[in-house]
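Encoded as structure tokens, the structure appears first; notes follow it.
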Amino acid sequence: MLEGAKLIGAGAATIALAGAAVGIGNVFSSLIHGVARNPSLAKQLFGYAILGFALTEAIALFALMMAFLILFVF
């Protein structure tokens, strides 16, 4: 019974990975739109895009860490 609850909890924790994937897609979609509107700002916008990617990916890693904690610690 407990093992089944742990699997369900870990599966629910990994739902956040889908949200992070959508967030990363939005970051780079916005980069493409911004560069298409103003190509002279490409270098500055790329820096902002990498920052957005890193922060979004950090959320995904936290969600994955929580799933592993649920599976292997509790």
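We count residues from 1, following the sequence as given.
- For K6 (side chain) and L71 (main-chain N/O), a donor-acceptor pair under 3.5 Å exists by modelled atom type.
- Linking ILVMFWY residues whenever their side-chain heavy atoms come closer than 4.5 Å, directly or via other members, leaves M66 and L2 in distinct clusters.
- Taking all atoms of both residues into account, the shortest heavy-atom contact from A67 to T14 is CB-CG2, 3.7 Å.
- With rounding to the nearest 0.5 angstrom, the CD1 atom of I24 is 11.0 Å from the CG atom of L55.
- Following chains of ILVMFWY side-chain contacts shorter than 4.5 Å, one can reach F72 starting from L7, so the two form part of one hydrophobic cluster.
- The shortest heavy-atom contact between F53 and V27 is N-CG1, 4.1 Å.
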Chi angles and distances behind the side-chain contact (heavy atoms from CB on, under 4.5 Å) call for L17, L64:
CA-CA 7 Å; L17 296 176; L64 194 60; 4.0 Å; yes

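- Put simply, CD1 on I50 and CD on E57 are 11.5 Å apart, with the number rounded to the nearest 0.5 Å.
- Minimum interatomic distance between A13 and I70 (heavy atoms only, all atoms of both residues): CB-CD1, 4.2 Å.
- Under the 4.5 Å side-chain criterion, counting only non-hydrogen atoms from C-beta, F28 is not in contact with I32.
- Across all non-hydrogen atoms, the minimal contact from L45 to V35 is CD1-N, 3.9 Å.
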Full working for side-chain contact (heavy atoms from CB on, under 4.5 Å) between K43 and F46:
CA-CA 5 Å; K43 192 170 228 173; F46 185 73; 5.8 Å; no

